[in-house]
Amino acid sequence: MLIATWNVNSIKSRIDLAVRWLEEARPDVVCLQELKCVDEAFPREAIEALGYNVAVHGQKTYNGVAILSRFPIEDVTVGLPGDDADEQARFVEAVVSTGEGAVRVGGLYLPNGNPAPGPKYDYKLAWMERLIAHARGRLALEEPFVLAGDYNVIPAKQDAKRPEVWVKDALFLPQTRAAWRRLLALGFTEALRATDEADGVYTFWDYQAGAWQKNDGIRIDHLLLSPQAADRLLAVRVDRHVRSWERPSDHVPVVIELAA
DNA sequence: ATGGCAGGCCCAGCCTGA
């Protein structure tokens, strides 16, 4: 089965391109981020027409996440536990039941955190602590579990074309990467890094300054796998060609293949 | 050397993003 993550940067302005990619790639499960619309405005019909069930956690103008699945979706929860006052739509989780058994999928849009230091960076770090606490509980279930999304974390200098320009950025600061490592140390396998072919592979290129043409990218979209999911990991790929399509998102899809 | 984009939104400049 194919599980993907993709920050679409507005699903309403990207729906034609999303349909094109879904028809081409035919993923079984997709985590989408930055919908930038409320639930009612999500282009549900166009997605369902391709055979997907849809779980949406939308928000006006900002954020917004969804899970699409060709398999039945059960046990949908929205919002990241740990702060009832947090109104930002950045987390959705569901269980997809395949013929071979269930896989739990969490889709996330981790806060950008700039400028750092400041309240936005504090929010990012607090959000990462909540994610670590939640993930710890999920891993204790010892299920196939995939935590996928736009992490807004550049894990290492190999994950940026020009790491030197990111040293004071919230995506790359030592505290950010330390929290990232603590998340992984809970027992996750990072899919692309597990292939040993991650260096120089990017998932985001800024719209500005000809970043795409210069391949001036960063790798910030990740899929983390529980041991039970990692045992089934067959392949990982980045669909970078989507960045060259007309009116693209600034992110491209990342896809993993799990056995059965 | 500098700046360079895109999307949403009370539709026009401002906020946000990374």
Side-chain angles (χ1 to χ4, degrees), chain A residues 5-19 21 31-43 46 56-66 86-91 107-125 127-128 131 148-177 179-180 192 200-222 238 240 242-254:
Chain A
T5 179
W6 188 18
N7 179 323
V8 291
N9 185 18
S10 169
I11 190 59
K12 284 193 286 181
S13 67
R14 213 69 64 207
I15 184 60
D16 290 350
L17 201 139
V19 166
W21 178 74
C31 298
L32 298 177
Q33 301 91 37
E34 274 208 272
L35 305 178
K36 294 187 173 181
C37 68
V38 294
D39 293 7
E40 297 72 31
F42 184 89
V56 181
H57 181 34
Q59 182 181 335
K60 182 183 170 84
T61 310
Y62 304 116
N63 310 317
V65 289
D86 185 359
E87 307 208 329
Q88 300 192 29
R90 295 180 176 275
F91 191 81
L108 64 89
Y109 176 44
L110 205 146
N112 173 307
N114 281 305
K120 291 191 173 183
Y121 192 55
D122 294 342
Y123 175 66
K124 177 176 192 151
L125 293 176
W127 206 94
M128 294 183 83
L131 182 63
D150 176 358
Y151 281 77
N152 273 315
V153 173
I154 303 168
K157 66 179 189 303
Q158 294 86 347
D159 301 311
K161 177 67 171 288
R162 297 189 300 150
E164 66 279 6
V165 307
W166 297 98
V167 290
K168 292 184 177 173
D169 192 283
L171 279 62
F172 194 57
L173 280 171
Q175 261 188 293
T176 304
R177 291 190 281 151
W180 165 260
L192 196 72
V201 172
Y202 310 128
T203 65
F204 169 91
W205 297 261
D206 201 289
Y207 289 119
Q208 301 185 65
W212 167 245
Q213 288 73 15
K214 292 186 272 193
N215 192 29
D216 183 5
I218 52 178
R219 193 171 71 91
I220 57 176
D221 301 272
H222 310 295
V238 177
R240 77 194 308 277
V242 174
R243 187 64 175 77
S244 68
W245 289 356
E246 197 170 345
R247 295 193 68 223
S249 170
D250 38 9
H251 298 249
V252 296
V254 185

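To find a chain, count down the sequence lines: A is the first, B the second, and so on, and within it residues start at 1.
- Distance noted for atom P between B:dC10 and B:dC15: 15 Å (whole Å).
- OP1 and OP2 of B:dA18 both lie 4.0 Å or more from every side-chain N or O belonging to A:Y121.
- Put simply, A:R247 has a side-chain N or O that comes within less than 4.0 Å of OP1 or OP2 on B:dG7.
- No engagement by A:D169 is indicated, since no non-hydrogen atom pair under 4.0 Å with the nucleic acid exists.
- Remark: the A:N112 side chain and the B:dA18 base include a donor-acceptor N/O pair separated by less than 3.5 Å.
- Here the shortest heavy-atom pairing between A:W166 and A:A160 reads CD1-CB, 4.0 Å.
- Comparing A:G113 and A:G210 by the nucleotide of DNA chain B that holds the closest heavy atom to each, the one mapping nearer the 5' end is A:G210.
- Nearest-nucleotide assignment on DNA chain B puts the 5′-proximal partner with A:A209, out of A:A209 and A:D206.
- In this structure, A:N63 reaches neither bases nor backbone, as no heavy-atom distance under 4.0 Å exists between it and the strands shown.
- Among the protein residues, A:Y109 comes within range of the sugar-phosphate backbone only, with heavy atoms under 4.0 Å from sugar or phosphate atoms but none that close to a base.
- Within the 4.0 angstrom heavy-atom criterion, no nucleotide atom of any strand lies near A:D216.
- Residue A:N152 places at least one side-chain N or O under 4.0 Å from the OP1 or OP2 atom of B:dA18.
- Rounded to the nearest Å, the gap between the P atom of B:dT2 and that of B:dT16 is 27 Å.
- Across A:L35, A:D150, A:V65, a single residue satisfies side-chain contact (heavy atoms from CB on, under 4.5 Å) together with A:N7, and that is A:D150.
- Candidate nucleotides B:dA18, B:dC9, B:dC15 were compared by shortest atom distance to the side chain of A:N7, and B:dA18 ranks first.
- Put simply, A:H251 has a side-chain N or O that comes within less than 4.0 Å of OP1 or OP2 on B:dA18.
- With both ends at atom P, the span from B:dA1 to B:dA12 equals 40 Å, rounded to whole Å.
- Nucleic acid contact class of A:K124 (heavy atoms, under 4.0 Å, all strands): none.
- Two residues are said to be in side-chain contact when any heavy atoms from C-beta on lie closer than 4.5 Å; A:L32 and A:Y109 fail this criterion.
- With B:dA18, B:dA6, B:dG8 as the candidates, the nucleotide lying closest to the side chain of A:R14 is B:dA6.
- Residues A:V254 and A:D221 approach most closely at CG2-O, 3.9 Å, considering heavy atoms.
- Taking atom P in both B:dG3 and B:dG13, the straight-line distance is 23 Å, to the nearest Å.
- A:K36 has no side-chain polar atom (N or O) that falls below the 4.0 Å cut-off from OP1 or OP2 of B:dT16.
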